[in-house]
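In what follows, a single structure is set out as structure tokens and then discussed.
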2 protein chains.
Amino acid sequence: MVSRRAPTMRDVALRAGVSTATVSNVLGNRKAVDPELAKRVLEVAAELDYQIDRAASQLRTGRAAVVAIVVPSLDNPFFTGFIAAIERAVQGEGYDIIVSSSNSDEVQERARISAMLSWRPAGLIVVPCSDAFPARSLTDVSGVPVVAVDRIAGVGGISSVSVNNRAAARLAAEHLLGLGHARILVCASSLLLANIRERCDGVRAALAEAGLPAPAIVEVGLTFDIVPAILSPHLISPDRRATGIIALTNTATLGVLSAARDLGLVVPRDLSLVGFDDYAWMIASTPPITAVRQPLDGLGTAAWELLKQRIASPAGEPQRLIFSCQLEVRRSTRSIGPSLAAGPSA
Amino acid sequence: MVSRRAPTMRDVALRAGVSTATVSNVLGNRKAVDPELAKRVLEVAAELDYQIDRAASQLRTGRAAVVAIVVPSLDNPFFTGFIAAIERAVQGEGYDIIVSSSNSDEVQERARISAMLSWRPAGLIVVPCSDAFPARSLTDVSGVPVVAVDRIAGVGGISSVSVNNRAAARLAAEHLLGLGHARILVCASSLLLANIRERCDGVRAALAEAGLPAPAIVEVGLTFDIVPAILSPHLISPDRRATGIIALTNTATLGVLSAARDLGLVVPRDLSLVGFDDYAWMIASTPPITAVRQPLDGLGTAAWELLKQRIASPAGEPQRLIFSCQLEVRRSTRSIGPSLAAGPSA
DNA sequence: GTGAAAGCGCTAACAC
DNA sequence: GTGTTAGCGCTTTCAC
């Protein structure tokens, strides 16, 4: 296969015996064109497998049919699920997505956003890797519409979509409380993240209302493999350890599961577990994991809708959309029995 | 925030008191420029947060610093892991990725590739959704370098990277055989996919060499939720059912796990399971799942290397790279005990 | 070593 | 309803 040049609009025009303007009008159905001519143009275009050159089109119009997405990681199903939802949403409206990972690093985040902006995208959807979102300034100068997602605490004045983290965590806590658990441990990824802090608050509030002391909160980091080492000390003492654990992210959930197993603790017999996020493996797991489900698809769709609003009227008021989460009760949580509540006395 | 125009090279040139040619030369460090001038240009560029307009740059040079990626699904961690690996590889070489999902549909695949091509990307990496890869013709006419990944059976004459599926499956089968299993069931996603058929062949070959009859092969589809219903009939009869199952994809692995649980079968006591692909949940699972690990990162890196070769010399010989997989022995497989081998007789 | 100017492929005025 | 033409922001000769 010889490397060849893609056909241009001029090629199509020549072959169809019309001007490039007419080709452009037909292909972009912009102005009325004689049906006969239009047909011929379309035929020739198909024949040549003509594809418009978006760089040229964009340069001329100033509009780009692409939305840039920046997330902290492409190895986390939460973020890729979110991207998948956006891709579904922008499909059919003729937009493509260009995606990039900040590797949970502010410096890289800034660099990636900067690179994305050089495409002059129609808009930018970003899951900031920190509350501060320092790269925000970049988007201000470029004038590209932005929607921030998920970690939006410190982010004022721009559209955002997120989840009611307090309520979500409260759901988990109240479920455990309702089952009779009083010693509850919270397994948090990083307390540097406002959404995680909000989830902690939600648990705290629920416990406080129930007249219980504040929960222990353990910070386990962003990757799953180190969790067991960090968590073990909190799980060894049979009479002091928590009976219920709330894991605040999918990674933390995985970590709790393997920590428990390493310690010979059986879920839910020895330990009730509520996870966060909702994936196939949680359902296939034995036992299936009770979890707080974030409406990934809704978040993606909403991010795109909000972005479209900003694109249509950049001067309009930024919107904040907050979704609720749902608790999926499965089998990793159980009502606390006498053996757990009061030791072997009963 | 008022919508504003991004600064152009002209803005930088004016402000720095030089020509746009000089700015271009400095920023692209293309030609030697007086250090004094260069410094000033850089300063002004930073001051204005100047970002080159890639559409304009690309239109002029004909080269685009973007690689297009098309995969069957963005909801499958195998594909997103692969994308993550590519993203890591192209980072730092100044390339961005634009990604798209074919939803495992040939028609959509063609449409998506066609759309990708209109960006005139430096190259295209595609995981075809079928062996035929009918959209290939598109890439031929556009002259965009292509690398096909994973499902490459019917794909001749282009560079490709894949895995030795026969050998991989053989690894799984021989492991089970070594543990004393003789009744082995293969849980395949779709036999329409050549890579899946190759994996079946691998299992078959291993069993044949061991003098055993061919394994039962059950086709369970591409999504996880329907697997239990399809699999159950094969797992009910205690004395006729397989003692070892090989699940040929991560989705199939999940399906087997939940089917077994629904039937009250305990892994590995009642059933040994070897999965495919290797994810965090397999390690966190109880028991941890023995699995054939595909070198995702290697596949991604290799795809990019091969693509770079094609970009550098489009007329060169296409390369085919084939990776081997590794068996991660964990605890979902066990040596077959008397109770399983011969019923309760021992 | 620097600048002037042409032109990449397209679209939007504008003329006809 | 169609064609001519200017020009989007950049890179790349080509003069100087």
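Numbers restart at 1 for each chain; the letters A, B, ... are given by sequence-line order, proteins then strands.
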For this session: Quick one: which residue pairs count as a side-chain hydrogen bond (donor to acceptor under 3.5 Å, both in side chains) with a foot in residues 60-71 of chain A, not counting sequence neighbours?
Result: none
Whole-Å distance separating the [atom1] atom of [X] from the [atom2] atom of [N]:
X       : N      : atom1 : atom2 : value
B/Arg5  : D/dG9  : CZ    : P     : 6 Å
A/Gln58 : C/dA12 : CD    : C1'   : 17 Å
A/Gln51 : C/dC10 : CD    : C1'   : 14 Å
B/Glu36 : C/dT2  : CD    : P     : 10 Å
A/Arg63 : C/dA12 : CZ    : C1'   : 10 Å
B/Leu27 : D/dC10 : CG    : C1'   : 11 Å
A/Leu37 : D/dG3  : CG    : C1'   : 12 Å
B/Leu14 : C/dA4  : CG    : P     : 11 Å

With a 3.5 Å distance limit and no angle check, can you tell me whether [X] reaches the backbone of [Y] through a side-chain donor-acceptor pair?
X        : Y        : value
A/Gln58  : A/Trp119 : yes
A/Glu109 : A/Ala135 : no
B/Ser159 : B/Gln319 : yes

Seminar exercise, completed: Nearest-nucleotide check on DNA chain D, B/Asn25 vs A/Asn25; residue mapping nearer the 5' end is A/Asn25
Is the phosphate of [N] approached by [X] (side-chain N or O, under 4.0 Å from OP1 or OP2)?
X       : N      : value
A/Ser57 : C/dT11 : yes
B/Arg10 : D/dT11 : no
A/Tyr50 : C/dG9  : no
B/Arg30 : D/dT11 : yes

Dump the pairs, protein N or O against N or O of nucleotides 14-16 of chain C, anything under 3.5 Å, distances to one decimal.
| unit_1 | atom_1 | unit_2 | atom_2 | d |
| --- | --- | --- | --- | --- |
| C/dC14 | N4 | A/Lys31 | NZ | 3.0 |

Exercise. Thinking salt bridges, do A/Glu36 and A/Arg40 make one under a 4.0 Å N-O criterion?
Worked result: no
Problem set entry | Salt bridge present between B/Lys39 and B/Glu43 (N-O < 4.0 angstrom) | yes
For this session: Check the pair A/Val144, A/Thr139 against side chain to side chain contact (heavy atoms under 4.5 Å, CB included), reporting the backbone distance first and the verdict last.
Result: CA-CA 6 Å; A/Val144 171; A/Thr139 68; 5.6 Å; no
Problem set entry | Minimum-distance nucleotide (side-chain atoms of B/Asp34 versus D/dT2, D/dT11, C/dG1) | C/dG1
Problem set entry | B/Val18, nearest nucleotide to its side chain (from C/dT2, D/dT11, C/dG3) | C/dG3
For this session: Nearest 0.5 Å please: distance from the CD1 atom of B/Ile113 over to the CZ atom of B/Arg136.
Result: 11.0 Å
Distances under 3.5 Å only, N/O to N/O: pair up the protein atoms with those of nucleotides 4-8 of chain D.
| unit_1 | atom_1 | unit_2 | atom_2 | d |
| --- | --- | --- | --- | --- |
| D/dG7 | N2 | A/Arg60 | NE | 3.4 |
| D/dG7 | N2 | A/Arg60 | NH1 | 3.2 |
| D/dC8 | O2 | A/Arg60 | N | 3.3 |

Exercise. Is there side-chain contact between A/Ser104 and A/Leu222, with heavy atoms separated by less than 4.5 Å?
Worked result: yes
Exercise. Considering the options B/Val66, B/Val90, B/Leu307, which one meets the side-chain contact (heavy atoms from CB on, under 4.5 Å) requirement together with B/Tyr95?
Worked result: B/Val90
